[in-house]
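To find a chain, count down the sequence lines: A is the first, B the second, and so on, and within it residues start at 1.
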There are 2 protein chains.
Amino acid sequence: MFEEYGTTLRMIRKQKGITLKRLAEGICSVSFLSKFERGDSDITLGLMTRLLEKLMMNFDEFLYIHHDFQPDKLEQFFQTARTAYFNRDDNQLKELKNGQLKKWKQYGVETYHYNALLIEVYESIVDEHYKNNSVQEYDIHHLSDYLFRVEVWGYYELTLYNGTLLLLEPDMVIMLSRTAYEKSARFRDYKKVHDAITSVLFNTIIYFLGPVNRFHEEFPFQKEFNEFISYLEIIAIPESNLTDRVHLLQLKGAYDIRTGSKDEGIAKMNKAIQLLNDLNSTKMANNIEQYLLQIM
Amino acid sequence: MFEEYGTTLRMIRKQKGITLKRLAEGICSVSFLSKFERGDSDITLGLMTRLLEKLMMNFDEFLYIHHDFQPDKLEQFFQTARTAYFNRDDNQLKELKNGQLKKWKQYGVETYHYNALLIEVYESIVDEHYKNNSVQEYDIHHLSDYLFRVEVWGYYELTLYNGTLLLLEPDMVIMLSRTAYEKSARFRDYKKVHDAITSVLFNTIIYFLGPVNRFHEEFPFQKEFNEFISYLEIIAIPESNLTDRVHLLQLKGAYDIRTGSKDEGIAKMNKAIQLLNDLNSTKMANNIEQYLLQIM
DNA sequence: TTAAAAATTGTCATATAGTGGAATTTATAA
DNA sequence: TTATAAATTCCACTATATGACAATTTTTAA
């Protein structure tokens, strides 16, 4: 049986005060639209597209309403995974992982496998005494293989990579992040994907800076740092995106400190902290403050 | 004939390295998927939903790719209208309007009429010697009637209202903006609509502040100003949305000046300007500076 | 190469998406 | 109320989306 999209459509149509006959005109027959709206028939993608267009509504919004104001399954998956990760809820992580593994075995579709891998990465960070301690090298290799193969990176690939990059080797991160930047180029005007690209670039830079307890060591990634900063500057941050700009300022400050220009770096980070406090974004300000303290 | 969605699906499937048989498993027959992917058949909405889910892709992104990386028709409409408005291109405005009027007459669907109205509002602002000088009162009434009637405001209603509110009477704006705020509540986790709500609230506040050349007059909208500011503060601006926070700071400054607390107001606006300059958002900083100069 | 396996396409049968128009219900107006 | 029109549903029918399985092409592996 099919989902009863029609009833949702009818609700929307009624709200807009459009009669069934008028909506159908030029698209399909009145009798069929009636049948569909009552939930007595599924509908062809082509017809649905044209009906929604006439109702001034896009597919995403329609499905959001239809699913009782819940995001789509893919976003729900990433969202719950992230939430479980932030809450260090290893039970939920395990449950999520098993769900994906089950689907992988059932259908043999690799993407479910990658999803399980993403969660495994989360698990290994949350639980330090993780059985395997590190995620199977074979699996990681499998995932990066996939990412290299895909020709256009969309929301899925970017979000997947974003969650796993912390566990990859530097060489791999350099190549994959560059690939991510290049192969998502066509999506740059599509907000959701654009945000995902930006996020990948930020995480890449954070990766190269390394954990705070190693800030006294030599910094071998100057070239890479500048490469990814330049991607961000040239393409990703419009003047109006102040949040990302503050974030960038913070990272540049950390870079200065990392490479010896302590005073400059501290000045930048303090400026970022001050900006955030001026705008009452105190939690974000505190985070940077903490970070700065740990570095010093 | 139908659009050949199938070929796009095939491309995506191949990229992900998933075999036709595996994608079809549990959803539809192999032979049908093959036929669909070759463009020899349309497909039911129900099947398509499940196929895309398995490919880890949402509808919006799929259609974006299918339409050669162009946004959907609705967004295109609003986008081109706004662009023509900013460029003061009255030829394009006229063309757009006629397109919508034509569809209105052809189908009798009122939404096309509202779209034409939106553009008429733009025209009347761009061309001061506009024939009717002001948009027909009857039409405006018709539009606000619609907005009052709709029970859930989505992206369309919010964007439509956002573009026309400047020409409405204060009483109407108070009621409609409040309605917009309340009746879009269920969408607050849906980014696109959330942004549209925020934008409506900002424009409402700007409306009440009035044009710069009347800043010396009495300010009769204290209550309303505070009402809409509170909506913004409570619900609309998460800590991470610095751009909106700066914008809010600017408006609070303008409010102070408008209501007599000059020094306080100037201080706030200067702070906003400084914040923007610190982040190299010079165009935005200049805009505020211009605004401040005109007020004084 | 070549044989075997895997993946895709073609053929035909059937379920169901979709149509035209009559019948029914609902809204409108006197 | 009652008559009239408008909107929706019902019904018989057609077109096409979808399935089962055989035929063909492509890939894999020796």
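For the pair B:R188 and B:Y181, the cation-pi test (distance below 6.0 Å, angle within 45°) is passed.
Within 4.0 Å of A:S34, counting heavy atoms only, lies at least one base atom of the nucleic acid. As judged by a 4.0 angstrom heavy-atom cut-off over every strand, A:L33 is placed among residues making no nucleic acid contact. No engagement by A:R22 is indicated, since no non-hydrogen atom pair under 4.0 Å with the nucleic acid exists. Counting non-hydrogen atoms under 4.0 angstrom, A:T19 reaches the backbone sugars and phosphates but no base.
To the nearest angstrom, C1' of D:dT8 lies 10 Å from CD of A:E37. Going from atom CG of A:L20 over to atom P of C:dT25 covers 17 Å, rounded to whole Å. In this entry the distance linking NZ of B:K21 with P of D:dT24 reads 20 Å, nearest Å. At whole-Å resolution of the value, CZ in A:R10 and C1' in D:dT8 are 8 Å apart. Atom C1' of nucleotide C:dT16 and atom CG of A:D40 are separated by 12 Å, given to the nearest angstrom. One atom, CD of A:E25, and another, C1' of D:dT8, lie 16 Å apart when rounded to the nearest Å. The CD1 atom of A:I18 sits 17 Å away from the C1' atom of D:dA6 (whole-angstrom rounding). Between the CG atom of A:L47 and the C1' atom of D:dA15 there is a distance of 13 Å, rounded to whole Å.
Listed nucleotides: D:dA17, C:dT19, C:dT9. Nearest to the side chain of A:S31: C:dT19. Of the listed nucleotides (C:dG18, D:dT9, D:dA17), C:dG18 has the atom at the smallest distance from the side chain of A:F32. Checking D:dA17, C:dA17, C:dG10 against the side-chain heavy atoms of B:R38 singles out C:dG10 as nearest. Listed nucleotides C:dA17, D:dT18, C:dT9 differ in distance to B:V30; the shortest reach to its side chain belongs to C:dT9.
Within 6.0 Å of CD on B:E151 lie no more than 12 heavy atoms contributed by other residues, nucleotides or ligands.
The shortest distance between side-chain heavy atoms of A:W153 and A:V200 does not fall below 4.5 Å.
A salt bridge does not link B:E157 to B:K183: none of the charged nitrogens lies less than 4.0 Å from a carboxylate oxygen. Between B:D68 and A:R186 there is a salt bridge, since at least one side-chain N of the basic residue sits less than 4.0 Å from a carboxylate O of the acidic one.
At the phosphate of D:dA7, neither OP1 nor OP2 sits under 4.0 Å from any side-chain N or O atom of A:R13.
No donor-acceptor contact under 3.5 Å links the side chain of A:S29 to the base of C:dG20.
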